[in-house]
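Naming: A, B, ... by sequence-line order, numbering from 1 per chain. Keep in mind the model is a prediction, meaning the values are calculated, not measured.
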2 protein chains.
Amino acid sequence: MQLSYTEENYLKALLKVSFDSGIEAVGTNELAISLFVKPATVNDMLKKLKEKGLVDYEKYGKITLSAEGKKIATYIIRKHRLWETFLYEKLEFSWDEVHDVAEQLEHIHSQKLVDKLDKFLDFPEFDPHGDPIPNRLGELKVQFKKTLSEVAVGGSCKMVAVKDNSSSFLQYVVQVGLGLNNEINVLSKQEYDAILVIEVNGLKSSVSQKFADNIFVVCHHCEVGKICPNTQCTFS
Amino acid sequence: MQLSYTEENYLKALLKVSFDSGIEAVGTNELAISLFVKPATVNDMLKKLKEKGLVDYEKYGKITLSAEGKKIATYIIRKHRLWETFLYEKLEFSWDEVHDVAEQLEHIHSQKLVDKLDKFLDFPEFDPHGDPIPNRLGELKVQFKKTLSEVAVGGSCKMVAVKDNSSSFLQYVVQVGLGLNNEINVLSKQEYDAILVIEVNGLKSSVSQKFADNIFVVCHHCEVGKICPNTQCTFS
DNA sequence: TAAATAAGTTAGGCTAATCTAACAAATTAA
DNA sequence: TTAATTTGTTAGATTAGCCTAACTTATTTA
């Protein structure tokens, strides 16, 4: 099925919104906000996508991706993350520059291109932001991660991904001396506004709750795709 | 100026048609055929492109690109040929597969991406079909080439490019044992239908006039960008 | 040079993706 | 449990890019 640029973006947004919220069913308004269009526009498109069997949706009900819709959305995510990896690894883009260009590249239609690119990059499992890259079959490595704001005071952890891919956030992360796989010690937390003092490579910084919500971390015992053996670990 | 996919294609087609015909001024019908749309559609778009100052055009007159239009069209050609080179050199696409994917990739908007890609490929001057790649300034290496059908019987030459980039033609070229920079001896030519017998690496083949029209060659004395010192050479 | 043919234009219509404004249903809160 | 608020839908309009059919201008040829 050859979808338009726009249709692909709706499917991708649906997957992204449900993933971010942790709830599979998505509302019209929510989707409209995510796509920077009006709810009426989403409504029109929903009819078309339902017609094509890509979403499950009844009037005034919640929206979910069909199996086929999810497969396509996952494939677009795969392309996006492969391109990000290419830009970062091969073309020396910085991690805050890759997202916008990948937003365009993800819509190139060529199965062969995707497979060849995957091979060229040596079948990477994670992109420059720490997000898992679905393989040819749509499977991806799951990490049992939590956000920095969930880490207890006095605890330490390792940053494995970022939630927000915007360049402004990523530049801020770099400014704090933080990068993928860096150790973070949580020194203190303000009761009133949840401001955290963290230490990275000996550098202390104060960061907001919002910042901490967008940093994904694992404890030192966690392993990718496995239940953590550390009984202290709150991941599951 | 941010142009749509379609507007970019019109500018590119304009440059291509005028280049292929050797005449700068292009007609509405000609352009319509090249873009696989109807003349009426071209007419609408021409008004828009004129409005934007990208073409020079008066009612019932011929169409030419403005300086700005030509600059943009050249930039799209640059992107197309860089991507073809990438696909061929880095991702192991065959030369008959690169064109269609590059048709999509040429519309990605990112100056940085183009410059980085150029550097990654070590600033190539020719693409996999032997066509020159415009540099950052829009300059390109000019070759004084002619077509295989212009070579005299008994003469020999070197293939430097193909005119037709379609996969069906390119597969045929490979089948005849021919590739870029191969030597060709023209053994005989049929008076009646201009069928040529050629020899490539010891392999003899009969090819049509149409085939020979789509193969670009140089004589052994020709050098890129220079007037050929061989007085027998008919290039100029 | 007048008729035939080719090339180019205009008018009006279609679809995809968007919008605004008005309305309807569902949810939340008083 | 009714009223207020939020969420979702419909109707009608707009723009880009395309079409067909009818027309006009330019060019070719008898």
(request) Identify whether any heavy atom of T6(A) sits under 4.0 Å from a base atom; if not, whether one sits that close to sugar-phosphate; answer base, sugar-phosphate or nothing. (result) sugar-phosphate

(request) Whole angstrom is fine here: how far is it from OH in Y60(A) over to C1' in dT6(D)? (result) 13 Å

(request) Say whether, by atom type as modelled, one donor and one acceptor occur between the side chain of S66(A) and the main chain of L54(A) under 3.5 angstrom. (result) yes

(request) Please state how far atom NZ in K38(B) lies from atom P in dC14(C), giving the value in whole angstrom units. (result) 19 Å

(request) Could you state the atom-to-atom distance from NZ of K59(A) to P of dT10(D) in whole Å? (result) 4 Å

(message) In whole Å, I'd like the distance from the CG atom of N43(A) to the P atom of dC23(C).
(response) 17 Å

(request) Can you tell me the distance, in whole Å, between the OH atom of Y5(A) and the P atom of dT15(C)? (result) 25 Å

(message) What is the distance, to the nearest angstrom, from the CZ atom on F36(A) to the P atom on dT18(C)?
(response) 13 Å

(message) Here's a test for you: under side chain to side chain donor-acceptor pair (under 3.5 Å), which of K79(B), K12(B), R81(B) qualifies with E106(B)?
(response) K12(B)

(message) From CG of N9(B) over to C1' of dC18(D), roughly how many Å is that when rounded to an integer?
(response) 14 Å

(message) Salt bridge or not between D118(B) and R78(B)? Use side-chain N to carboxylate O under 4.0 Å.
(response) yes

(request) Report the residue (T28(B) or V37(A)) whose heavy-atom-nearest nucleotide on DNA chain C is the more 5′ of the two. (result) T28(B)

(message) Taking only side-chain N and O atoms of K62(A), does any of them lie within less than 4.0 angstrom of OP1 or OP2 on dG8(D)?
(response) yes

(request) Please report, rounded to the nearest Å, how far the P atom of dT15(D) is from the CD atom of E51(B). (result) 14 Å

(message) Checking contacts here: which listed nucleotide (dC18(D), dT20(D), dT10(D)) is nearest the side-chain heavy atoms of D44(B)?
(response) dC18(D)

(request) Would you indicate which nucleotide in dT10(D), dG8(D), dT18(C) comes nearest to any side-chain atom of K47(A)? (result) dT10(D)

(request) Determine yes or no for a side-chain-to-main-chain donor-acceptor pair under 3.5 angstrom, with K189(B) supplying the side chain and S149(B) the backbone. (result) yes

